[in-house]
Amino acid sequence: MLLLELLTILLFILFMFPFFMVVLNSAKTSKEIIFNAIAWPSTWKQLGTNVSLIFNNATVDYLGAFADSISITVISLLVIALCSSMAAWVLVRNKTWWSTFLFMAFVSAMVIPFQVLMYPLVRWMRVSGDFIHLRLLGTIPGIVFAYLGFGSPLSIFIFHGFIKNIPLEIEESATIDGCPRSKIFFKIVFPLLQPIIVTVLILNGIWIWNDYLLPLLVLGSNGKVQTIPIAVTAFAGAYLKQWDLILTSTLIAMLPIIVLYIFAQRYIIKGMVEGSIK
């Protein structure tokens, strides 16, 4: 038991060390970071100075990127949670060969490497946007649509396992009382999905908030719409890397998702366990 506790403490220190280094070096100048990255900051007031430099930077609209990240994350999570839960409910309640085939197709999509889809995704979004006369590349609707596609397989898989545990008799009773299928889902099934919805929101929210490659492909590095990871890279030029601003902006980007995880972590295990019961 003592050995396991020591191992747990060691793993905690190991995983928290990068975060500690980000906090430590966010209160330094770039020169101090280069000369001694593990030294204690000479003054913590430098952290406030770095934050001011970031939000008042003439070349990087960090505040705008922060707002864009919030908009993209919130809209994507709402769309993923709503569409995935409805799709999983239909797949569970309609026990036919095509529902099984579609569910297996969603599950199979989780094992496809993203790198395989990078070039076809950009080309498909460009062609589809021209066809429907709606710009997808470089816009918030386009990136939300992409996140819906990549986030749905895992979300549907999680919702599918949870919905199977909801007694069918509840829905049959509502049907006998004359309740339409839309109200059955939104008034009866959807409220019962609260634990698993929180789990899906957190898992996808962490991924969407920290994602770099997909926004880079869809939005571009110099587009009007930017996310925080793209904005952070703007502080690293070809010949000059502003390590003080890079680390401070990274710290600011981590805070919202850390706060969200702290307040909702108990729902993750609860939702995953309940959704895994067959």
Side-chain angles (χ1 to χ4, degrees), residues 3-55 57 60 62-63 65-66 68-70 72-73 76-77 113-115 147 150-151 154 198-217 219 221 226-269 272:
L3 182 60
L4 291 177
E5 292 179 357
L6 292 175
L7 180 60
T8 302
I9 295 174
L10 179 62
L11 290 175
F12 174 78
I13 295 174
L14 181 64
F15 280 99
M16 289 300 296
F17 184 74
F19 178 75
F20 171 75
M21 291 298 297
V22 171
V23 176
L24 194 68
N25 289 286
S26 296
K28 298 179 183 179
T29 63
S30 186
K31 182 178 180 180
E32 291 174 336
I33 296 173
I34 294 174
F35 278 97
N36 195 349
I38 61 174
W40 202 258
S42 57
T43 173
W44 285 97
K45 293 181 179 179
Q46 185 63 37
L47 177 59
T49 302
N50 291 342
V51 173
S52 178
L53 290 174
I54 289 172
F55 285 103
N57 195 284
V60 180
Y62 191 82
L63 187 60
F66 199 91
D68 289 339
S69 287
I70 293 177
I72 292 171
T73 302
S76 298
L77 291 180
F114 174 73
Q115 291 77 7
Y147 278 130
F150 287 103
L154 177 60
V198 176
T199 301
V200 169
L201 292 180
I202 293 175
L203 294 177
N204 285 287
I206 295 175
W207 158 56
I208 294 174
W209 184 266
N210 295 321
D211 190 27
Y212 172 74
L213 188 54
L214 185 56
L216 180 65
L217 293 173
L219 302 177
S221 58
Q226 286 191 334
T227 59
I228 289 180
I230 296 178
V232 170
T233 59
F235 293 115
Y239 304 101
L240 176 64
K241 291 179 174 58
Q242 300 170 287
W243 288 111
D244 51 346
L245 303 186
I246 292 174
L247 294 173
T248 305
S249 59
T250 302
L251 176 63
I252 297 173
M254 289 191 296
L255 293 180
I257 209 68
I258 291 175
V259 173
L260 173 65
Y261 183 82
I262 290 175
F263 283 99
Q265 60 177 332
R266 64 190 182 94
Y267 289 102
I268 297 181
I269 303 301
M272 291 297 291

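The chain is numbered in sequence order, starting from 1.
- Not counting sequence neighbours, the partners of L201 by the side chain to side chain contact (heavy atoms under 4.5 Å, CB included) test are L77, A81, I197.
- Scanning for ring pair (Phe, Tyr, Trp, His ring centres under 6.0 Å) contacts around F55 gives Y62, with sequence neighbours left out.
- A side-chain N or O of Y147 and one of D211 form a donor-acceptor pair less than 3.5 Å apart.
- Within the model, atoms CD1 of I246 and OG1 of T233 stand 9.0 Å from one another, a figure rounded to the nearest 0.5 Å.
- N210 pairs by the side chain to side chain contact (heavy atoms under 4.5 Å, CB included) definition with I206, not counting sequence neighbours.
- Residues forming a side chain to side chain donor-acceptor pair (under 3.5 Å) with T49 (at least two apart in sequence, or on another chain): none.
- In this view, T227 and S69, I72, P215, L219, P229, I230 satisfy the side chain to side chain contact (heavy atoms under 4.5 Å, CB included) rule, not counting sequence neighbours.
- Residues A27 and P41 approach most closely at O-CB, 3.5 Å, considering heavy atoms.
- Applying the ring-ring contact (aromatic ring centres under 6.0 Å, His included) test to pairs two or more places apart or on separate chains, those with a residue in residues 24-48 are W40-W44.
- Contact check for S42 versus E32: side-chain heavy atoms found under the 4.5 Å cut-off.
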Under the criterion side-chain contact (heavy atoms from CB on, under 4.5 Å), I'd like the reasoning laid out for Y212 against V232: C-alpha separation, chi angles, the key distance, then a yes or no. CA-CA 10 Å; Y212 172 74; V232 170; over 6 Å; no

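- Atom-to-atom distance recorded for L245:CG and N57:CG is 7.0 Å, nearest 0.5 angstrom.
- To the nearest 0.5 Å, the span separating CG on N36 from NZ on K31 amounts to 13.5 Å.
- Between atom CD1 of residue I202 and atom CH2 of residue W207 there is a gap of 15.5 Å, rounded to the nearest 0.5 Å.
- Here the side chains of W209 and I228 are in contact, with some heavy-atom distance below 4.5 Å.
- Side chains of I252 and F66 form a contact here, defined as non-hydrogen atoms less than 4.5 Å apart.
- Evaluation of the side chain to side chain contact (heavy atoms under 4.5 Å, CB included) rule for D244 yields S30, I33, N50, Q242 as partners, not counting sequence neighbours.
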Donor-acceptor contacts, no H, no angles, side chain residues 9-26, under 3.5 Å, sequence neighbours left out:
from : atom 1 : to   : atom 2 : distance (Å)
N25  : OD1    : K28  : NZ     : 3.3
N25  : ND2    : M21  : O      : 2.8
N25  : ND2    : A37  : O      : 3.2
S26  : OG     : V22  : O      : 2.5
S26  : OG     : L247 : O      : 3.3

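- Considering only residues two or more places apart in sequence or on other chains, W243 meets the ring pair (Phe, Tyr, Trp, His ring centres under 6.0 Å) condition with none of them.
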